Amino acid sequence: MSEKTPIPLGSNFIRAIVEKDLAEQKFNLKKWAGSPGDALHQAAGHIDSAKIRTRFPPEPNGYLHIGHAKSIFLNFGLARDYGGICHLRFDDTNPEKESQEYVDSISDAVQWLGFGWQNGNENNLYFASDYFDEMYRAAVGLIEAGLAYVDAQSADEMRINRGTLTEAGKDSPFRNRSIAENLNLFNEMRDGKHADGSLILRAKIDMASPNINMRDPAIYRIRRAHHHNTGDKWCIYPMYTFAHPIEDALEMITHSICTLEFEDQRPFYDWLLDNLAKAPTEANGESKLGLIATPVPHQYEFSRLNLTYVVLSKRKLIDLVEQKYVSGWDDPRLPTLAGARRRGYVAEGFKLFTDRIGVSKADSWIDYSTLEDCMREVLNESAGRRIAVLDPIKLVIENYEAGKVEDCFAPNHPQQPELGKRIVPLTKELWIEREDFMEVPSKGFFRLMQGGLVRLRYGYVVKCTGFEKDAAGNVTMVTCEYLPDTKSGTAGADAIKVKGNIHWVSAAHAYECEVRLYDRLFSAAHPGEAGTDYLTQLNQNSITKITAQLEPSLKNAKPEDRFQFERHGYFVADKKDSVAGKPLFNRTVTLRDAWQK
RNA sequence: UGGGGAGUCGCCAAGUUGGUUAAGGCACUGGGUUUUGAUCCCAGCAUCCGAAGGUUCGAGUCCUUCCUCCUCAGCCA
């Protein structure tokens, strides 16, 4: 054996950072008062029993998608693995786009993936909007420290004076207002004395900074909009740039993990927190504490997930839903977690997937089939086997007694005999798969063909004797004779070895049922790439509804029951459209098929 | 063209302060088991780390130059 210790699956640079921080006892003196709050509040608490704190901070302006699953497993997984706690925090600082529906769907998705926010008697579910008072105080603190000012330039003027990527910006003519004046104006903004967009609070940093994010970023805007959480209490709202670091700090987050596009925002993140941590404020009085507690959080960035054949952008997903290209946020073709769930994807599969793809800072495209493989892998273990004929034609056993019903025993799982067997009835007339018979067999085909032998799975070996066609030349029926001594499970079963093995359902007993076959939503691997319009790249065959003949036991399937339909793939009883005694099935993913057709 | 990032096998991704034959997974290929052309098992799979120079006894790991890609100019997040 090698002397090197094997790297555990899921090792990545962020875990390395956490392990280093922990080894250096970086957070050993960090306090936590049991709830988020400023420095004074946290100082009254105890040493935090959570070794680290992370957070998953979605904006409730859309449904979560597969990309979020990566972030959820990262943040919650880190907390779980290192004795920490992960907060679920809704980053709801823009009232115009956010709603309760999204809050609910996001909460559902997080729980579906197996995570929660109740830790002991601590409920770590938070809203950025709960911190609006603290954020206001922080803004005032910044103004008092001479680090923020109220600008009266229009949005256009601000844009022009921001400069370009290669040219420095110009100072606003309002940049040097007195602290008193700024304080007064900011209070007036809050009190609704100024029109939307007429004034804006900006951090005062450096209009010549090569990093555009440091050119006096806007931090508070006037926006008379009803907020899903705070109602009409505020007419000014903080910007993400300003709000997010404060949210993290108030929650005593140790590792604030986000995606790469926020990387050049990190200097502002640090600038803000350093200043708020050291600036004593009137509110904190003689404590000499800054507004926020130390140690302050640090931001780390990883590359977001790119998946082929889907779109993972909120804007595009919203388009698909609102323009009715799909049936809703939970359309099984959508890469939303709600859609994936209805499609039959499982949380364990997402866990496997995120472990498998890793976390790094390199841009990458994961092939959609990797996700499918993960689902197959999990479902293969967990899904019971059933029989379904998706494209039925009749098979008549000529030498089988009409009216006779014989029990055949089908194992519920080939690798898990403890799951037992179920009875499937055999009769003279069966449904079999159209593609299991070939009038002119192609090379390598070893299923039903004229004069050939094939086993009816869990039943008898039969010999094909003939077939019938309609006027259009389509095969309408196949006939055969069975070999009475070859029944599965009997002594004679192995007397005749056949390579072909096909599934079937008794026509008299079958449950006729709608089954939806799904395929990828887009026909292009990279929808919208290179200026193309992703809406023109939708796969026209992403859904096919068929009428299938299923084994009778399937009639009792409950919504979200998952099965492997043998030789076909994994299917789930639809969560929404199934009714008791009449489930409908969605194809989650096909089985791998080494016999390329 | 300014700033910030990234380039290791088809797809991901490990690679401590430079030390011998460049982890692992997926995919793929070959073989075996199998009443799912599924699963499972075994084996194979980068003399090379974006390129070119350089330092060194020794470099994916250090230096130099170059190339490619991503990202930033919302009062969105």
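Since this is a predicted model, take the numbers as computed values, not measurements. In the text below, chain A, chain B and the rest are named by the order of the sequence lines, each starting its count at 1.
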Paired nucleotide for B:rG2 [Watson-Crick or G-U wobble; both distances under 3.5 Å]:
B:rC72
Proximal nucleotide (of B:rG4, B:rA77, B:rU35) relative to the A:Glu263 side chain
B:rG4
From the candidates B:rG3, B:rU71, B:rA73, the one with an atom nearest any side-chain atom of A:Asn211 is B:rG3
Describe the nucleic acid contact of A:Arg457 in one word from base, sugar-phosphate, nothing, applying a heavy-atom distance below 4.0 Å.
base
Under 4.0 Å, heavy atoms only, any strand: does A:Asn501 hit a base, just the sugar-phosphate, or nothing?
base
Atom-to-atom span, CG of A:Asn380 to C1' of B:rU34 - whole angstrom:
13 Å
Before we go on, tell me: are the rings of A:Phe90 and A:Tyr102 under 6.0 Å apart, centre to centre?
no
Using a cut-off of 4.0 Å on non-hydrogen atoms, how would the nucleic acid contact of A:Ala362 be classed: base, sugar-phosphate, or nothing?
sugar-phosphate
Starting at CG of A:Asp373 and ending at C1' of B:rA38, how long is that distance when rounded to a whole Å?
13 Å
From CG of A:Asn306 over to C1' of B:rU71, roughly how many Å is that when rounded to an integer?
13 Å
With P as the reference atom in both, quote the distance from B:rG44 to B:rG25 in angstrom, rounded to an integer.
12 Å
Check: A:Arg385 side chain, B:rU36 base, donor-acceptor under 3.5 Å
yes
For B:rU39, does the base pair up with any side-chain atom of A:Glu377 as donor and acceptor (N or O, under 3.5 Å, distance only)?
no
Counting side-chain heavy atoms from C-beta on, which of B:rC72, B:rG37, B:rC12 comes nearest to A:Leu165?
B:rC72
Compare the minimum distances between each of B:rA77, B:rC75, B:rA73 and the side chain of A:Ile212, then state the nucleotide with the smallest one.
B:rA73
Counting distance alone, no hydrogens or angles: does the base of B:rG37 have a donor or acceptor under 3.5 Å from a partner atom on the side chain of A:Arg447?
yes
Just to confirm, is there a sub-4.0 Å distance from OP1 or OP2 of B:rC26 to any side-chain nitrogen or oxygen of A:Arg376?
no
Which nucleotide in B:rU39, B:rC76, B:rA77 has an atom nearest any side-chain atom of A:Gln265:
B:rA77
Looking across every strand, which nucleic acid part, if any, lies under 4.0 Å from A:Val359 by heavy atom: base, sugar-phosphate, or nothing?
sugar-phosphate
Between CG of A:Asp216 and C1' of B:rA73 the distance, given in whole Å, is 14 Å
Stacking between B:rA77 and A:Tyr240, yes or no? Criterion: centroid separation under 5.5 angstrom, plane angle under 30 degrees.
no
Is the base of B:rG3 touched by the side chain of A:Asp264 through a donor-acceptor pair closer than 3.5 angstrom?
yes
With both distances under 3.5 angstrom, what nucleotide forms a Watson-Crick or G-U wobble pair with B:rU55?
none
Take atom CD1 of A:Ile222 and atom C1' of B:rC76, then tell me their distance rounded to the nearest Å.
18 Å
Can A:Arg202 be said to sit on top of A:Tyr149's aromatic six-ring, NZ or CZ under 6.0 Å from centre and within 45° of the ring axis?
no
note: A:Glu372, atom CD; B:rA38, atom P; distance rounded to Å ~ 17 Å
Is any N or O donor-acceptor pair between the side chain of A:Gln415 and the base of B:rU39 shorter than 3.5 Å?
yes
Against A:Asp216, only a single residue in A:Arg175, A:Lys204, A:Lys170, A:Arg162 fulfils salt bridge (Lys or Arg N to Asp or Glu O under 4.0 Å); can you say which?
A:Arg175
Would you indicate which nucleotide in B:rA27, B:rA13, B:rG2 comes nearest to any side-chain atom of A:Ser364?
B:rA13
B:rG10 - base-pair partner by Watson-Crick or wobble geometry, distances under 3.5 Å:
B:rC26
Can you check whether A:Arg457 reaches A:Ile502 side chain to side chain, under 4.5 Å on heavy atoms?
no
N/O (side chain, A:Arg455) to phosphate O (OP1/OP2, B:rU36) under 4.0 Å
no
Testing B:rC75, B:rA77, B:rC12 for proximity to the side chain of A:Ala155, the answer is B:rC75
Complementary nucleotide of B:rA46, counting Watson-Crick and G-U pairs under 3.5 Å
none
What nucleotide among B:rC76, B:rU35, B:rG3 has an atom nearest to a side-chain atom of A:Pro210?
B:rG3
Take the protein atom CD of A:Gln416 and the nucleotide atom C1' of B:rU36, then report the distance between them rounded to whole Å.
15 Å
Minimum side-chain heavy-atom gap A:Glu301-A:Glu261 below 4.5 Å
no
Taking the side chain as everything from C-beta on, heavy atoms only, tell me whether A:Arg376 gets closer than 4.5 Å to A:Thr590.
yes
What is the distance, to the nearest angstrom, from the NZ atom on A:Lys361 to the C1' atom on B:rC69?
16 Å
